[in-house]
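Each remark here refers to the structure printed beneath this line.
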Amino acid sequence: MVETSLWQMLAEHPEFLAMLTIPPVTAFVTWVHVWMALKMLFYPIKFWGIRIPKFPFFGLPGIGWQGIVPRKAGKISGVIVDQTLSKLGSLEEFFQAMEPQQMAEFITDTIDGNLESLIDEIMLERSETLWRNVPYALKRRIYAQAHQELPDIMQSLVTDLTYHVEDLVNMRQMIVNKMESDRRLMVNMFLKVGQKEIDFIWHISALIGLIFGLIQMFIFLVVPQHWTVPFFAAIWGFLTNWIAIWMVFNPVEPKFVPYVKFFARRTGFPFITLQLPHVAEFRFQGGFMKRQEEVSEVFAQIVVNDLVTIENIMNEMMYGERAAQTRELMKSHLYQLLESPVVSTTLRMGLGRREFGQLKNTIIDKSISATMVPLRDPELNESRASKIFGLFRDRIRALSPDEFQNLLRPAFREDEMTLIVLGGLTGFLAGWLHLVLVFFPAIQ
């Protein structure tokens with residue numbers, strides 16, 4: 001009886017058909033504006049718009065937009081290192097796990113094949129006249145001496161670099177520099193790690209919007225004022241973004257809620273089968289937190305292939321903020337070659353003290369460049385990545401839920417309110433458009 005009278009009240013309302021459009025329109029608009037908000041979180045990678053010097057809003061360089069994640073890549077990556085990667089172990093431990101002795105052999109083999117041309121390049125650059133006048137037999141002795149000493153020098157050098165890697169490389173700065181120089185990498189990392197959560201936010205928003213639309217329809221029935229359409233559309237847009245993001249990360253710790261279960265799910269048809277009622281437990285936890293084991297695989301793969309790589313570590317070591325310390329360490333090893341009698345006698349006789357000192361600096365510069373060539377080899381980086389993949393994966397799995405959420409949470413926490421307010425503004429505009437296109441024509 002109550003249901004009949006309620007339906008009659010709705011059917012007899014002068015704007016009944018317009019009211020019926022509120023739930024589907026709210027669901028669709030919510031779905032669209034959440035999609036837009038998620039896209040704006042990651043895209044565009046580079047600023048798109050009109051640049052204005054000292055533009056004061058949102059940290060943007062002008063009127064336009066740049067995705068929040070690529071715009072704040074340095075800050076977000078710093079948070080990830082501080083909150084998560086720093087808890088997984090030390091850089092020295094990771095470097096040791098890459099088996100540096102094998103790396104030394106790989107570097108030695110590569111450099112040894114080009115050693116004579118490298119010596120020629122160094123000598124011709126520093127003293128072309130001297131080197132062209134050195135008898136070929138003497139050059140052969142210098143080449144032979146270098147070939148003989150290179151393996152021991154490289155082994156001792158790499159060993160020394162390994163034990164001093166914490167002093168020579170700032171892991172936080174290394175990763176921040178990598179992310180800032182390749183902002184697309186940061187975006188791809190978040191999309192790979194959190195794609196399921198991003199899809200969940202997008203699709204659940206339509207359901208939330210539908211529920212809010214039904215509520216708004218009955219509000220309009222009780223308060224038949226046209227201003228309620230854009231007003232509540234703004235409220236729903238604001239709340240939808242907030243609820244969807246909240247559901248991804250909360251609760252952080254799992255809460256098990258008992259319930260009576262009447263069916264079991266199956267992978268094939270009929271997908272659901274009835275069973276005797278029994279008490280089961282529902283794991284109530286944020287969607288991202290539930291996937292810790294699965295995400296650990298994906299994130300570990302990204303870390304070992306793109307962030308904590310041999311190339312990145314050595315590049316930071318050789319050219320980063322502590323490069324001067326690296327050069328000093330390398331000097332103590334590479335200058336051994338200059339102390340051998342045949343090399344020392346030849347060079348000291350042909351060069352003055354000043355030229356000999358400049359030659360030493362040239363040797364360091366050329367040696368760094370020559371060393372980086374094999375370290376950029378994809379096969380070497382891939383083989384070293386496989387050495388530490390399991391280490392990273394297992395330690396990410398062992399993180400507490402509170403620590404684990406920091407793999408993805410910084411992307412949403414950074415300017416999260418901007419996304420939520422954007423949902424409210426979009427909802428208001430869509431509600432106003434809905435009012436103009438559907439409700440006003442219905443009145444006429």
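Here the side chains of Gln405 and Asp402 are in contact, with some heavy-atom distance below 4.5 Å. Between Met179 and Leu307, the closest side-chain pair of non-hydrogen atoms falls below 4.5 Å. When side chains are defined from C-beta on, Leu157 counts as touching Leu329, because their heavy atoms get closer than 4.5 Å. For the pair Thr309 and Met314, the minimum side-chain heavy-atom distance is 4.5 Å or more. Within the 4.5 Å cutoff, side-chain heavy atoms of Thr159 are placed close to those of Gln101. Under the 4.5 Å side-chain criterion, counting only non-hydrogen atoms from C-beta, Gln301 is not in contact with Phe392.
Remark: Glu382 does not engage Lys387 in a salt bridge, criterion side-chain N to carboxylate O under 4.0 Å. Comment: Arg397 engages Glu297 in a salt bridge, judged by a side-chain N to carboxylate O separation of less than 4.0 angstrom. Arg327 and Asp365 are joined by a salt bridge, as a carboxylate oxygen and a charged side-chain nitrogen come within less than 4.0 angstrom of each other. Using a cut-off of 4.0 Å between Lys/Arg side-chain N and Asp/Glu carboxylate O, Glu166 and Arg322 are scored as not salt-bridged.
Between Asn312 and Asp306 the shortest heavy-atom distance is ND2-O, 2.9 Å.
Taking the six-membered ring where the residue is Trp, Trp202 and Trp35 present tilted rings, their angle falling between 30° and 60°.
Not a single donor-acceptor pair under 3.5 Å links the side chain of Trp48 to the backbone N or O of Gly64. Between the side chain of Glu105 and the backbone N or O of Gln102 there is no donor-acceptor pair closer than 3.5 Å.
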